[in-house]
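Here is the structure we will look at, set down as C-alpha cells.
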Amino acid sequence: MIRPQLAEFMKRIGEDSIAIVPSAREATRSNDSNFRFRQDSDFYYLTGFEEPEAVAVIRPADKEQPYTLFVRPRDPEKEVWDGRRAGVEGARSEYGASAAFPIGEFEEKVADMINGVTNLYYRIGNGNPEIDDLIVARIRRMRMMGRKGMSAPQAIIDTGAVIHEMRLIKTPEEIELMQRAADIAAEGHIEAMKAARPGMKEYEIEALIEYHFRRNGAAAPAYTSIVGSGANATVLHYVNNDATLRDGDLLLIDAGAEYRGYASDITRTFPINGRFTEAQREIYDLVLEAQMACVEMVRPGVTNDEIKQRSIEIQTEGMVRLGLLKGDPAKLIEEEKYKQFYMHGLGHYLGLDVHDVGRYYVREEPRKLEPGMVMTVEPGIYVSPDAKDVPEKYLGLGVRIEDDVLVTDGAPRVLSGKAPKQAEEIEALMSR
Ligand code: GLY
Ligand code: MN
Ligand code: MN
C-alpha cells in the first residue's frame, strides 16, 4: 500500500524520472547530545517514516519496485539505547516500501538505480552535503561509462518543484490535523489568559502554554514560543521570556503547537491585569480592525500582496488618526513611513513547516490564493519605547494578532478561531 501523497507524486514526476529524497539528519545540541529528532517535512510528507538515516528512492517506471527505502537496520544493542527501529522488514510491512535495504547499501546501489532515467529529482543543497557529493560523483562516473551501457540523467530537477506544490494545497486529512494543531494552541492561549497575573514570570506562561500543547499530544511547539510583556512585545523575535509581568502592561504571546507534523501559529495580545487601558485599546482595536478585514480577504483569486496592502492602508490611516504618524496616508504609504511601526509581512503559508513551502510569486507575478491553502494573517503595530514624536501613552506598546486561515471555495475558515481576540471577550475571560 503506497500512501496517496506518494502515488500522486509518482504520477506527477512521470515514468522518465527517479526521485531521491533523504530524511533529516540528527543535529548536535551540545557535545554528544542531540536535539530531539524532527523529520524532514518533504520526506515525512511522502513516506510517513520518522527515523533519521533514511533515503527514499522513487522510480515510477519500475512496476515491481517503484518505492525503495534505505533505512537503519535492526540492531538489538543500539535499540536498547535509542529505541525501536522499523528496520528493513518494517520499512516494507509498516511503511509500504516495495523494497528496502540497510542505509549502508545506498552508496553502492544508487548508480544502478539512476541509470537510464531522463530526469533525476533531487533537492541539492538541502542540508545533506554528503549525499549531494555522492550523487555528483556517481553522475560524473556514469557520464564516463557511456560505452559500458551507463547513461546519466539529462536533467536534475529540484524535488521541491513537485512536492512543495503538492504540500501547498492541503488534503482533507491534512486540514483535520491542522485544525487539531490550532485547537491545541488555542487552548494554550486561553489558559495563558486565565493564568496571567502581575508578578509572574514570562517563562511561567511559556511553561503553562507548552504544558497544554504536550498534554494534548502535540510533539512540541512548532517554533520557539514568544512570550513578551511590556516593551518586549516590540521585539519581533523576543524569545528570552524571562521578564516579570507588570501590572498595566500588555503581554504578547506568539505560540503554536506541532501536531503529527503540522504546525499552528497563533498570536494573541492581552492586558496582564485583565483590563486594557484606553491607549492600549486604541492600538489593539486598530490592529484587530486590520486583521479581521484581511482575514475576510483570504479567498480564491486574491493575492497575499493585496491582503498585505489592505493591512498597510488600514493601519496607516489608523496611525494618522492616533497621532503616531502625521500627514497624508497615501503619501505615508508611498514613502513607507508606516514601517516604523509595522515592519513585517502580513503572513505566510502554514503546514508541515511553520513558514511553509510553496511559491508566493509565479513568473514574478504575485500568486492567487486557491482552496486548500492555509495562510497566517498577522498584522501588528509596535511602538518602540525610544520612538520620537509619538504620543507618550503609546510608547513601548506592541500588539500582534495572528490567525491561521484556510482558503475554501467560499468564506475563509479560521482554524485558530477558538482563541478569543475581541477585547471584550478577552476581558470577560480574564475576569473569571
Ligand atoms: N511565529 C512565527 C511567525 O509568526 O511567523
Ligand atoms: Mn506566523
Ligand atoms: Mn507567529
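By convention here, the first residue in the shown sequence is residue 1. Read the numbers this way: they start at 1 and go in the same order the structure lists the ligands and their atoms.
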Please report, to 0.1 Å, the donor-acceptor pairs under 3.5 Å made by any side chain of residues 362-379, with sequence neighbours excluded.
unit_1	atom_1	unit_2	atom_2	d
R367	NH1	E165	OE1	3.4
R367	NH1	E165	OE2	3.2
R367	NH1	R359	O	3.1
R367	NH2	E165	OE1	2.6
T376	OG1	H348	N	3.1
T376	OG1	H348	NE2	3.4
T376	OG1	E378	OE2	2.9
E378	OE2	H348	NE2	2.9

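- No close placement of the F270 and F276 rings is indicated, their centers lying 6.0 Å or farther apart.
- Residues K201 and D242 are not paired through a salt bridge, judged by the lack of any N-O separation under 4.0 Å between the basic side chain and the carboxylate.
- Protein neighbours of ligand 1 below 4.0 Å, counting non-hydrogen atoms: Y223, D254, D265, H348, H355, E378, E402.
- Excluding waters, the protein N/O/S atoms found under 2.8 Å from the Mn ion (ligand 2) are D265 OD2, H348 NE2, E378 OE2, E402 OE2.
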### Message
I'd like to know whether H164 forms a side chain to side chain contact (heavy atoms under 4.5 Å, CB included) with D158, so could you lay out the CA-CA distance, the side-chain angles of the two residues, the decisive distance to 0.1 Å, and finally the verdict.
### Response
CA-CA 10 Å; H164 296 174; D158 180 359; 5.5 Å; no

### Task
Determine, stepwise, if the pair V235 / I226 fulfils side chain to side chain contact (heavy atoms under 4.5 Å, CB included).
CA-CA 10 Å; V235 179; I226 296 170; over 6 Å; no

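- Looking at E51 and R72, a side-chain N of the basic residue comes within less than 4.0 Å of a carboxylate O on the acidic one, giving a salt bridge.
- For S229, the side-chain contact (heavy atoms from CB on, under 4.5 Å) test picks out E202, N232, A243, L245, L251, I272, with sequence neighbours left out.
- Proximity of the aromatic rings of Y382 and F341 is defined here by a centroid distance below 6.0 angstrom, and this criterion is not met.
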### Pair D40-R25, salt bridge (Lys or Arg N to Asp or Glu O under 4.0 Å): steps then yes or no
CA-CA 8 Å; D40 174 83; R25 292 150 48 116; over 6 Å; no

